[in-house]
Amino acid sequence: MKAFDLIVVGAGIVGAACAAAAAHEGLTVAVVEPGPVGGGSTAAAMGHLVAMDDDPAELALSAYSLRLWERYAMLPEIEFSRCGTLWVARDERELAAVPARIARLAGAGLRAERVDARQLYELEPQLAPGLAGGMRVPDEAVVYPPRMARHLLDQAGAAGAQAWLGRRVVELLEHGVRLDDGTRLAGPVLVATGVALPQLLPELPLYPRKGQLAITDRYPGLIRHQLLELGYADSAHGDAERSVAFNVQPRPTGQILVGSSRESGVADREVSLPLLWQMLQRTFAFLPILRGLQGIRIWTGLRPATPDGRPYLGPLPGRRDVWVAAGHEGLGVTTALGSARLIVDGLLGRVPAIDPAPYLPARMLGGAAA
Amino acid sequence: MSGTLRLEVNGQPVDVPDGASAAAAVAVLGVPFRRSCGGQPRAPLCGMGVCFECRVRIDGVAQLRACMTPARAGMRVSTDD
Amino acid sequence: MTEPVRRYDVLVVGAGPAGLAAARAAASHGARVGLVDAQPRAGGQVWRHDVRRGMPAMARRAFAALAAPGVDWLPGTQAVLAQPGWLLADGPRGALQLHYRALVLATGARELLLPFPGWTLPGVTGAGGAQALAKQGWPLRGKRVLVAGSGPLLLAAAATLRAHGAQLLGIHEQAPLHALRDFALRLPRWPGKALQALALRTRLAGVAYRAGSVVVAAHGDDVLREVEIDGPRGRARLACDQLAVGYGLVPDTGLAELLGCRLEAAGRHRRVAADALLRTSVDGVFAAGEALGIGGRDCARIEGAMAGHVAAGAEAPARALSARRRHARAFAGLLHETFALDPRIHALARPGTLVCRCEDVPLGALADLPDARDAKLASRCGMGACQGRICGTALAELGVCRPEASSDGGRRPPLFPVRLAALAESFTHDPQEKRP
């Protein structure tokens, strides 16, 4: 039986980042992935690198990760495009919340600026009339996530990691895993299987939050920023079973990626037409010009959501040598690199750059298992 | 099947037979229909709405298939998208 | 006011020979029939309206279906999404909800277009593609045109091109001479086909027809200038204004896939699976014509009528057509044998030859990628506006990144690119846009 310092289960962007970080530290790493590399939630994601500030822990991890992303900004294949994020205020009430958000982002070392109505239309002339202004976060970017997952896996491979592609982990053993072809690998295990986490670790609560996206043909220059409504946090993180929010992205190809929606407790991948109607109506209210554009593809994806909205990063109490990096919901692309550093620092017994406590899986297991 | 109609391609008048497609009008002018994402000139391949190589701007709407669009008198077609 | 929500007993998708026959057969039983086609006129590819010659005489009777009582004819209307019991379609009347009790897929075929060096140059089209363009007024007078590829479509295309004033440089059929001779000997079993072939040859008198001859490259700077041929007499380069090259037809199974109908292998491609009464694996969904495997126009007409009868609940008249269907299908088998592709054709594309024309992805970028979804994620191959139709079909033929091995099954709506506004149409009477 082959022995490793770390067996990473799952080569989505989070697993691939963990494998790359661990291999870079000199650990002997195995990666097991049954499907395409970055083929799950990673492939379905928008690829927006964004700091969300509604939860201090989420903000800390996002800000940390965004700094780590900078070293990949020149990598052509990941299509890194620093379009910035423009948060749009519908009215004075939403605009009034901007200074507090700017202060929170500044506290995490992120630059943001208030934008009045005149500036808003200079930045994005296609926005519907009557909007109040907004907040611009100029350094944020968009990337193409599946290529980043592949790049990270290649990096891991270059540092000596071995990949079992097309193989599935069917069982966690004492100190190792068994694959679907009977192969056994020995060593500490990191489960980074996203929405599939409950298959291996049923004790950790994790549920799918379905999203739908549509992408258009190429219309270069039509919009310039990733555009979101300032009310996004209300709609995206509310408790409603189904919600939509204005969230539109210019791809470096000139295509326009249109989101977003959230549906809880739905595990199928079928397109929900009523939700698509709502999502697009919401979009047209902000960007009426999109009505006439050709949509070339619609797809759905499942975000791996946890009850408190924070990912699981760290050792799993009650199991020997089992670690978890999963449950990033909609922020897995943004926070993959920071998540990987937290995991590797934990494995090596180092003091991490940010406080790891908010993300420890132990928080969900109460007193009993810990 | 005798008449012709006049439309505009890249600002120039072009005559095509009644029943012709917008693609025929672009071909009369002899310019590429579009540039590929790598910058290559392209023109229709399939002629039946499948390949999307004939995408042009028609009456202000970009990325429409010229081969699927019947030419109409006064229609404005442009290939510079 | 046109009604955006329409309800039919039988909805027929595709108004070629199969779809027209299906609509007429279904309507003959009193069914309320909807007939849609993405093209602005009926006829499909084989009976496409010609700006010079109008409608083919043979099609006139079939076109009567468009005006038959109970038939709602919706030209220029593209089905884009499948929902239980209805299709979302978009067209000149805006977005439509087309509800049905029974659905007939008469979606026809697409041309098999294969990559070779220079195939992206303006001036290179499919063979059927050139024919379709010519019929829609594409200027050909005095143009030097070479027709190449494989199959009986080459003759039909050449005849149309010549009628539109093209100067034909020759017809280059990849199949070897002995295969064509065997074919000719067996043709009398289908007298109609033999007459058709004879008529075409007569109209093409004086045009060279070369067997065992393959276009290996197209040359030019910004447009096609020369075609390079590899034939029994060796290699040659010919100055040329237009190259019409197609390798036959493949079933259009897109809508069937979106509906979840079972497909089955048809050579290197796939066709819709159906039983003897043309029922697909999905309840209430029938298929006819080329979607069931390339069988030609006569076969499509028979199957269209069968599917129309069964979809309207009349099995007896469908069964009565079964023998004619078998005879017509046997001809298709002969075609496949005769025009089987020479392995040379599968080797024409080089690592630097683009396979995905939407995203400019070369064949070499797909090395070691196991399936079409891997290829898409890693290289963008198939991500463009044609939604992988051209490259996916070509790669299936070449045996690279086969779509049926794809982990997403290739099912991603919409069926064709569509205005976002059509996808946002909720068909209620609420105000469309509220202030944000």
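Letters go in sequence order (proteins before strands), and every chain restarts at 1.
For R57(B) (side chain) and G60(B) (main-chain N/O), a donor-acceptor pair under 3.5 Å exists by modelled atom type. A donor-acceptor pair under 3.5 Å is formed between the side chain of R42(B) and the backbone N or O of R357(C).
Counting heavy-atom pairs closer than 4.5 Å to chain C, the top-ranked of the candidates G47(B), C67(B), P32(B), C54(B) is G47(B). In terms of non-hydrogen atom pairs under 4.5 Å with chain B, the most contact-rich of G128(C), G246(C), G129(C) is G129(C). Residue with the most contacts toward chain B among A385(C), G384(C), G137(C): A385(C) (heavy-atom pairs, distance under 4.5 Å). Taking chain C as the reference chain and counting heavy-atom pairs below 4.5 Å, the highest number among P70(B), G38(B), P44(B), A23(B) is found for P44(B). Here P41(B) is the residue among A25(B), A43(B), P41(B), G30(B) with the most heavy-atom pairs under 4.5 Å with chain C. When P139(C), A38(C), G126(C), A132(C) are compared by the number of non-hydrogen pairs under 4.5 Å with chain B, P139(C) comes out ahead. For the set L113(C), I390(C), T120(C), the entry with the most heavy-atom pairs within less than 4.5 Å of chain B is T120(C).
With contacts defined as side-chain heavy-atom distances shorter than 4.5 Å, the pair V223(C)/L121(C) does not qualify.
Listed by chain and number, the residues in a side-chain hydrogen bond (donor to acceptor under 3.5 Å, both in side chains) with E290(C) amount to none (sequence neighbours excluded). In this view, R55(B) and D217(A) satisfy the salt bridge (charged side-chain N to carboxylate O under 4.0 Å, His left out) rule, not counting sequence neighbours.
There is no contact between V16(B) and chain C, counting heavy-atom distances below 4.5 Å. Proximity to chain B is absent for every atom of R419(C), based on heavy atoms less than 4.5 angstrom apart. Residue contact with chain B, scored on non-hydrogen atoms closer than 4.5 Å, involves the backbone and the side chain of Q39(C) alike.
Electrostatic pairing of R72(B) and D59(B) counts as a salt bridge here, judged by a charged N lying under 4.0 Å from a carboxylate O.
Remark: R34(B) is not positioned above the aromatic ring of F52(B), lacking an NZ or CZ atom under 6.0 angstrom from the ring centre and at most 45 degrees off the axis.
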